[in-house]
Q: 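The structure under discussion is supplied below as structure tokens; questions concerning it will follow.
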Amino acid sequence: MLTRIRYPGYFRYHFEFRSLRVYSSESKPPAPRPDIFWWNDAINSCFRSGQVERACQLFEEMPHKNLVTWNCMISGFVKNYKMSEAHRIFDVMPRKNAVSWSVLLTGYARCGRIEEARHLFNRIPERNVVCWNSMISGYINNGKIGKARELFDEMPVKNSVSWSIMISGYLKNRLVAEARALFDRSYLRSTSVYNALMSGYVELGCFRDAENLFHRMTEKDVITWNTMITCYSRTGRMELAECLFDKMPEKDIISSTAMIYGYLQNGNVEAARKLFKEMPNRDIVTWNTMMGGYVRNGMLEDALRLFSEMPERDVVSWNTILQGYVQQNDMVGAYCWFEKMPQVSETSWNTLISGYRSEEALVLYCRMVKEGFRPDQGTLSVVLSVCGSLVALGWGRMVHLYAIRAGYEHDTLVMSSLICLYSRCGLIHDGVQVFECLLKRDAITWNAMIATYAYHGSAIEALKLFEKMIQGGFNPDHATFLSLLLACAHKGLVDEGCWYFKSMQEDWSLVPKPEHYSCMVDLLGRSGFISQAYEFANKIPVDSQTTAWETLLSACRVHGNLEFGELAAKRVLHAQPPDGGMYTLLSNIYATKGMWENAASIRALMKDCGAKKETGCSWIEVKGEMFSFVSNDKSNHLMEEICQELDNLSIIIEGFS
DNA sequence: ATAGGGTTAG
């Protein structure tokens with residue numbers, strides 16, 4: 001039950017919204033003549049909503065300007081990525097203070113022009129703490145942690161913000177030991193310094209450290225509580241999140257949104273919906289969270305309803321719905337939606353491309369470049385994974401070259417996708433080479449390499465690499481354990497698999513997802529532990545059980561287990577639409593037991609409900625062109641030669657075995 | 001009251 005909730009963020013937003021409405025009208029400011037504060041406020045509002053021209057117009061019109069007015073102009077231009085205008089104002093302003101310098105400096109740092117920022121810093125006549133903090137933060141955001149530390153040690157007076165910046169800087173670079181050491185010798189420990197360390201721990205997956213810190217803190221503010229709630233909700237531990245949520249003295253919009261996110265992540269749509277409805281005020285992120293949850297839970301209709309109800313939408317809202325269409329495999333719908341979007345971002349393109357598992361994805365990628373968008377890490381990663389599922393090695397290598405040229409040679413996301421591509425194409429060694437050459441690694445790259453070994457049946461290599469990952473101080477996540485379980489399943493390492501399944505929960509506080517349970521069903525089923533596998537399948541939330549039952553059914557087929565085979569089949573065949581492959585499996589189980597009548601009746605049933613076994617299809621890329629083949633397909637004019645070559649290959653392969 | 005640095009939700 002929610003009691004009083006305060007939503008300061010909302011009120012601020014609402015106020016800004018009303019201000020915008022007033023200032024965006026073409027009419028002159030109302031009488032009596034507004035004072036200088038009014039003008040400055042108006043200029044800020046215009047800049048915040050991207051109305052740069054209007055802000056300049058007000059600046060020209062205002063009768064008297066003060067130092068703050070000039071600083072507002074610099075800040076406004078910086079916010080709108082207009083550095084040359086910002087610098088021009090800075091040059092011509094009659095008087096400057098520390099604010100003027102630090103605003104401009106921060107602007108340059110945010111554009112990646114860190115040298116220019118440093119040049120400005122050197123010229124500041126009287127530097128205060130904020131100037132120093134701005135420069136240090138600039139270095140950190142540009143990946144220069146060493147420079148940041150140098151300056152940090154040099155600065156004559158530090159405040160608690162300085163410590164926060166430096167500690168979270170180390171954590172952004174995964175340097176946990178350095179962050180901890182700095183925290184230990186920090187003499188100014190405000191709540192926000194604790195918060196910086198705690199949120200860094202959460203970000204890196206050091207949940208135990210975050211928890212310990214949380215319990216040690218005597219003065220907690222809203223951010224402290226929210227950070228810990230986020231930690232629990234991201235890791236699916238909703239009972240703990242609920243406990244904190246109920247206990248915290250003052251909830252805000254962020255607390256509720258974090259809870260909603262957690263509920264949705266766990267598929268608990270009802271709890272999320274309830275909380276969402278109870279919230280007296282929402283800002284736009286809350287709506288997007290709720291919508292994203294609907295989409296992830298396959299409820300596009302509900303997401304669309306919310307989309308139409310929400311008072312204001314941003315590009316994330318549009319992208320979320322786009323993701324919904326893509327997830328439902330409705331690419332016609334996705335494309336129509338994409339065309340309707342008032343504004344698209346790189347993410348929109350990436351989402352659309354990711355939906356196409358065919359050459360169309362590559363065509364779209366070309367169009368994206370042609371329309372002036374710069375492929376980012378997400379794009380390259382998506383395109384590489386499409387190449388992977390097409391086993392289009394030629395295309396993949398081309399994208400690899402582009403990635404190097406565009407400066408993504410050491411990007412962990414892009415390189416991980418490349419490793420996966422090579423893995424899909426069977427070139428494990430090429431993947432290893434990419435992995436070895438990386439300047440830095442993260443959980444994603446480790447996962448990619450572990451998955452490679454897992455998929456190729458090199459279970460021992462996968463498990464060894466996992467050990468190295470842990471020794472390197474990286475925290476495994478859901479994907480890591482999925483690969484490990486898969487590796488164990490392939491090799492029939494039942495004990496090891498069970499051990500990892502336990503460890504992921506007990507040592508790493510990860511709540512298994514349906515796919516982990518499915519993997520356990522596979523692991524146990526393949527090795528003939530059919531009844532244990534059955535128990536695992538029953539632990540999966542009903543909506544996500546189907547795959548597990550399919551897995552169990554095929555295990556029953558292998559081990560000729562009729563009793564559980566029928567049980568599993570019953571569950572699978574309830575699923576819509578009817579799946580021909582499953583009927584075939586069950587019928588085969590009957591057949592191997594000599595129960596021909598049952599087998600025949602299943603075949604008849606299959607015919608009745610119109611289920612067909614999906615036709616198998618394979619394809620190959622030759623010199624950039626894709627050729628696909630289905631059974632009994634004679635359309636390729638080289639079919640005779642192809643069959644001849646296949647015969648030759650079969651002879652060679654048999655010679656090996 | 002209006003301008004600058006850090007930590008929390010998609």
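In what follows, chains are A, B, ... by sequence order, proteins preceding strands, each numbered from 1. Because only heavy atoms are used, hydrogens play no part in the values below, and waters and symmetry mates are left out as well, while side chains stay in.
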Q: Which residues pass the ring pair (Phe, Tyr, Trp, His ring centres under 6.0 Å) test with A:His478, not counting sequence neighbours?
A: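 Once residues adjacent in sequence are excluded, the partners of A:His478 under the ring pair (Phe, Tyr, Trp, His ring centres under 6.0 Å) criterion are A:His516.
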Q: Just checking A:Arg296: base, sugar-phosphate only, or nothing, at a heavy-atom cut-off of under 4.0 Å?
A: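 A:Arg296: no heavy atom of the nucleic acid under 4.0 Å.
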Q: Got a donor-acceptor pair under 3.5 Å from the side chain of A:Asn128 to the base of B:dG4?
A: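 Answer yes: a donor N or O sits under 3.5 Å from an acceptor.
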Q: Establish whether the base of B:dG4 is bridged to the side chain of A:Asn71 by a donor-acceptor pair shorter than 3.5 Å.
A: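 No pair found.
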Q: Per the ring-ring contact (aromatic ring centres under 6.0 Å, His included) rule, which among A:Phe90, A:Phe59, A:Phe77 passes with A:Trp70?
A: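 Option passing the ring-ring contact (aromatic ring centres under 6.0 Å, His included) with A:Trp70: A:Phe59.
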Q: Would you classify A:Val130 as touching base, sugar-phosphate or nothing, given that sugar-phosphate means primed atoms plus P, OP1 and OP2, and contacts are heavy atoms under 4.0 Å?
A: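 If one applies the 4.0 Å heavy-atom cut-off, A:Val130 turns out to touch a base.
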Q: Counting side-chain heavy atoms from CB outward, which of B:dA1, B:dG4, B:dA3 is closest to A:Val68?
A: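 From the listed options, B:dA3 comes nearest.
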Q: Does the base of B:dG4 carry an N or O that pairs as donor and acceptor with the side chain of A:Ser102 under 3.5 Å?
A: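 In this structure, the two groups form a donor-acceptor pair.
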Q: Measure the acute angle between the ring planes of A:Trp337 and A:Tyr325, then classify it against the limits of 30° and 60° as parallel, tilted or perpendicular.
A: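 A:Trp337 vs A:Tyr325 ring planes: tilted.
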Q: Looking for any heavy atom pair under 4.0 Å, which part of the strands does A:Asn66 touch: base, sugar-phosphate only, or nothing?
A: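 Nothing: the residue A:Asn66, judged by heavy atoms under 4.0 Å, touches no strand.
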Q: Which parts of residues 313-326 of chain A get close to DNA chain B, meaning a heavy atom less than 4.0 angstrom away?
A: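 Per residue number, the list reads A:Asp314, A:Val316.
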Q: Between A:Asn80 and A:Lys82, is there a donor-acceptor pair closer than 3.5 Å when you use the side chain of the first and the backbone of the second?
A: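 Not a single qualifying donor-acceptor pair exists.
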Q: Should we say atom CD of A:Glu53 is surrounded by more than 12 heavy atoms from elsewhere, each under 6.0 Å from it?
A: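 Atom CD in A:Glu53 is not crowded, with 12 or fewer foreign heavy atoms closer than 6.0 Å.
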Q: I want to verify a distance call: between B:dG10, B:dG5, B:dT7, whose nearest atom is closest to the A:Ile223 side chain?
A: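 Taking heavy atoms from C-beta onward, the closest nucleotide is B:dT7.
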Q: So what does A:Lys96 touch, heavy atoms closer than 4.0 Å: a base, only the sugar-phosphate, or nothing?
A: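 No contact at all - A:Lys96 keeps every heavy atom at 4.0 Å or more from the nucleic acid.
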Q: How is A:Phe37 classified with respect to the nucleic acid when contacts are heavy atoms under 4.0 Å: base, sugar-phosphate, or nothing?
A: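 Result for A:Phe37 = base.
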Q: Around atom CZ of A:Arg189, are there more than 12 heavy atoms from other residues, nucleotides or ligands closer than 6.0 Å?
A: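 More than 12 within 6.0 Å, yes.
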